[in-house]
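Just below is one structure, and these are the notes that go with it.
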Amino acid sequence: MDTEVLIAGAGPTGLVLAIDLARRGVRYRLVERSERGFPGSRGTALQPRTLEVMDDLGALAALMEAGGPVPLVQNWEGSRRVREWDLVPRAEATPDVPYPEVLMLPQWRTVELLYARLEELGGRVDFSTELTGFTQDADGVTATLRRADGTAETVRATYLVGSDGGRSAVRKALGVPFTGEAVDPRPVLIADVLLEGIDRGHWHMWPKAEGGLFALRPLEGAAEFQLIAGFNDTTYEPDPARDAAPEALAALLAQRTGLTDLRVGEVRWSSVYRARAAMAERFRDGRVLLAGDAAHVHSPAGGQGLNTSVQDAYNLGWKLGAVLRHGAPDALLDSYDTERLKVAADVLGLSTRVHAEDRASSSQGLSSRGKETLQLGLGYRESPLTRELRRDLPEGALRAGDRAPDAPCADASGAAFRLFDAFRGPHFTLLALTDTPVPAPDAAWVRTYRTGGPDPDLTDRDGHVKAAYGSGLFLVRPDGYIGLATDDPADVREYMTALTSP
């Protein structure tokens, strides 16, 4: 094989997968047909669960430095300010949720920072390189690549991952049905534009503007504003080349806002979309897997699309690593399809519902976001990889399949330590919250942390671990979800044996 995993598409999904494979020592190749990363602001909201993923991957500090919180919304009626309000729930960090709020960052900057993290790990992206075709057999995939200069290359890979967007060439070549529906027939023009004459401390909205909703949001770490213009006329076909030209945007601003002192400069990027929800019938076809927008597309309402895509890659990365580095059977990859199909379907429903709530909130433009958009409650209780073997659990107790919470504690030296410090990395983590000695599992990729007994690895000084988990043995998957919860150490060995046995 020329490589073990060929990844087509270097957006956030492909980059996260490459980062995860790089730290697992899996050989990959990441190709992107464009000559640079995605140039626009499109997916701007990083949800709290995604921030936890970025923490694990070593990219969080750079993202937090570059991004910022969701600004307060300033509603306008023409040239008059009428109301200031909060779009998202505000919360302080807690022992179990260290990153409780959404981080805003234009997608182009997120892509830049993920690429920088990949380079730190010794990786790179082959830009201006397009996947033009492939065939698969029982042992792998043979793909044809074409560079910008027209030269072609044939690559042999064990697996191919299509993370090449909503118009995925990989999905189309597979013939996998992509079923969906229009969420809203009204077109929306979006543009990143240099603009003067309005403050950068708010997300400005004109929900009752003539012609449709109009909004301006200052982009974090950049001089541009993100301009969003909805068109109530469903027959109108906006053209970015025409409607996003500086002169056209200046006229649109004057018409929609009534403000006469706004000055439009360079337009850095523009696009048009109609909100749609669609999902692939399956996310796996032999040795080819689909992830991100190639597998599902969402209404942008609620900021779910990019985040769901990142977690596709996070789910898939450890499973590819298990198969290629730890002797797990190829059938383990079927659980990627099972787990992520259900999550994608649920999130599609949420995005569509939030979009409908936005349409009903004509007086304020958008509806207030609820906690369900934070993605902290997503899990895999019904997964074939989940084992909850404890009995008589109280209602509301943490269970196998749930997200593994963080908790502050202390290590054996007495230094401050977090459970997320224990989880960080490409391994499984066994939390032994019992006073009974627990032998370490045989598997080399399981790290054990004991909080009880005569010689604990961790000290639960303030009771936060106990409050989050209760008692028992918790085997935390490499993607931060509890695979097994039990009181019997023998179950841990059986679980890992089943995971890695043909």
Side-chain angles (χ1 to χ4, degrees), residues 12 40-76 81-114 117 190 192-193 195 198-207 213 215-228 298 300-311 350-351 354 357-358 361 364-378 403 406 418 420:
S41 62
R42 190 168 59 190
T44 56
L46 298 181
Q47 301 292 348
R49 179 57 189 154
T50 301
L51 298 181
E52 295 178 354
V53 172
M54 298 302 179
D55 182 344
D56 180 41
L57 297 177
L60 182 63
L63 290 165
M64 295 287 277
E65 182 178 356
V70 179
L72 287 173
V73 176
Q74 174 66 68
N75 275 16
W76 296 70
R81 296 175 185 256
V82 294
R83 182 189 174 212
E84 185 181 79
W85 59 285
D86 235 334
L87 177 66
V88 296
R90 305 290 178 179
E92 296 292 330
T94 60
D96 60 328
V97 180
Y99 317 115
E101 293 191 359
V102 178
L103 181 72
M104 299 295 282
L105 193 64
Q107 184 171 324
W108 63 264
R109 186 63 174 140
T110 298
V111 166
E112 280 187 351
L113 294 174
L114 288 174
R117 176 59 181 147
I190 182 171
D192 297 346
V193 56
L195 183 67
I198 197 165
D199 74 86
R200 296 185 61 87
H202 292 89
W203 189 339
H204 302 276
M205 293 187 189
W206 286 261
L213 171 71
L216 296 169
R217 186 178 71 79
L219 293 177
E220 297 73 21
E224 301 99 316
F225 279 77
Q226 182 190 66
L227 180 153
I228 299 175
H298 308 243
Q304 300 298 291
L306 182 150
N307 295 275
T308 305
S309 298
V310 162
Q311 291 181 61
L350 172 62
S351 297
V354 173
E357 292 169 355
D358 285 351
S361 300
Q364 63 180 26
L366 300 179
S367 59
S368 298
R369 305 314 190 212
K371 290 184 178 181
E372 68 273 16
T373 62
L374 306 180
Q375 299 201 347
L376 294 169
L378 297 178
R403 162 190 168 271
D406 195 12
R418 297 164 51 197
F420 277 8

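Fair warning: this is a prediction, and the values are worked out from it, not measured in the lab.
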Exercise: identify the closest heavy-atom pair between V102 and A45:
CG1-CB, 3.7 Å
Heavy-atom pair with the smallest gap, counting every atom of G201 and P71
O-CB, 4.2 Å
Separation of N75 CG from H202 NE2 (nearest 0.5 Å)
10.5 Å
Do Q47 side-chain atoms and G302 backbone N/O form a donor-acceptor pair below 3.5 Å?
yes
I need the minimum non-hydrogen distance between P12 and V111, along with the two atoms involved.
CD-CG2, 3.9 Å
Quick one: CG on D192 to CZ on F225, what's the gap to the nearest 0.5 Å?
12.0 Å
Closer than 3.5 angstrom, by distance alone: can the side chain of E220 be matched with the main-chain N or O of G67 as a donor-acceptor pair?
no
Quick one: does R117's side chain have a donor or acceptor within less than 3.5 Å of a partner on L57's backbone?
yes
Could you give me the CA-CA distance, side-chain angles and deciding distance for L219 and R217, then say whether side-chain contact (heavy atoms from CB on, under 4.5 Å) is met?
CA-CA 6 Å; L219 293 177; R217 186 178 71 79; 3.5 Å; yes
Do T44 and R42 meet the criterion of a side-chain donor-acceptor pair at a distance under 3.5 Å?
no
Tell me whether D406 contacts the main-chain N or O of F420 through its side chain, where contact means a donor paired with an acceptor under 3.5 Å.
yes
Nearest heavy-atom pair of A62 and L113: which atoms, and what distance?
O-CD1, 3.6 Å
Okay, side chain of E101, backbone of A91: is any donor-acceptor separation there less than 3.5 Å?
yes
Test Q74 against every option in H204, R83, M205 by the side chain to side chain contact (heavy atoms under 4.5 Å, CB included) rule and name the one that passes.
H204
Quick one: does any side-chain atom of R200 pair with a main-chain N or O of I198 as donor and acceptor, under 3.5 Å?
no
Could you walk me through whether V97 and Y99 pass side-chain contact (heavy atoms from CB on, under 4.5 Å), step by step?
CA-CA 6 Å; V97 180; Y99 317 115; 5.8 Å; no
Report the distance from atom CG of D55 to atom CZ of R418, rounding to the nearest 0.5 Å.
5.5 Å
Looking only at heavy atoms, which two atoms of P207 and G365 are closest? And how far apart?
CB-N, 3.3 Å
Can you confirm whether L366 sits close enough to V73 that some side-chain heavy atom of one is under 4.5 Å from a side-chain heavy atom of the other?
no
Tell me which one of T50, L114, T110, L46 satisfies side chain to side chain contact (heavy atoms under 4.5 Å, CB included) with V310.
T50
Hey, mind stepping through T308 and H298 against side-chain contact (heavy atoms from CB on, under 4.5 Å) and telling me if it holds?
CA-CA 10 Å; T308 305; H298 308 243; 4.2 Å; yes
Above 12 or not: heavy atoms from other molecules or residues under 6.0 Å from CD of E92?
no
To the nearest 0.5 Å, how far apart are CH2 in W108 and CD in E224?
6.5 Å
Between CG on residue N307 and OG1 on residue T373, distance to nearest 0.5 Å:
9.5 Å
Where A93 and P100 come nearest, the two heavy atoms and their spacing
N-CG, 3.6 Å
Residue pair L105, L63: steps toward the side-chain contact (heavy atoms from CB on, under 4.5 Å) verdict
CA-CA 8 Å; L105 193 64; L63 290 165; 3.5 Å; yes
With rounding to the nearest 0.5 Å, note down the distance linking CZ in R369 to CG in D86.
12.0 Å
Name all residues meeting the side-chain hydrogen bond (donor to acceptor under 3.5 Å, both in side chains) criterion together with Q304; count only those two or more places apart in sequence or in a different chain, and write none if there are none.
Q375
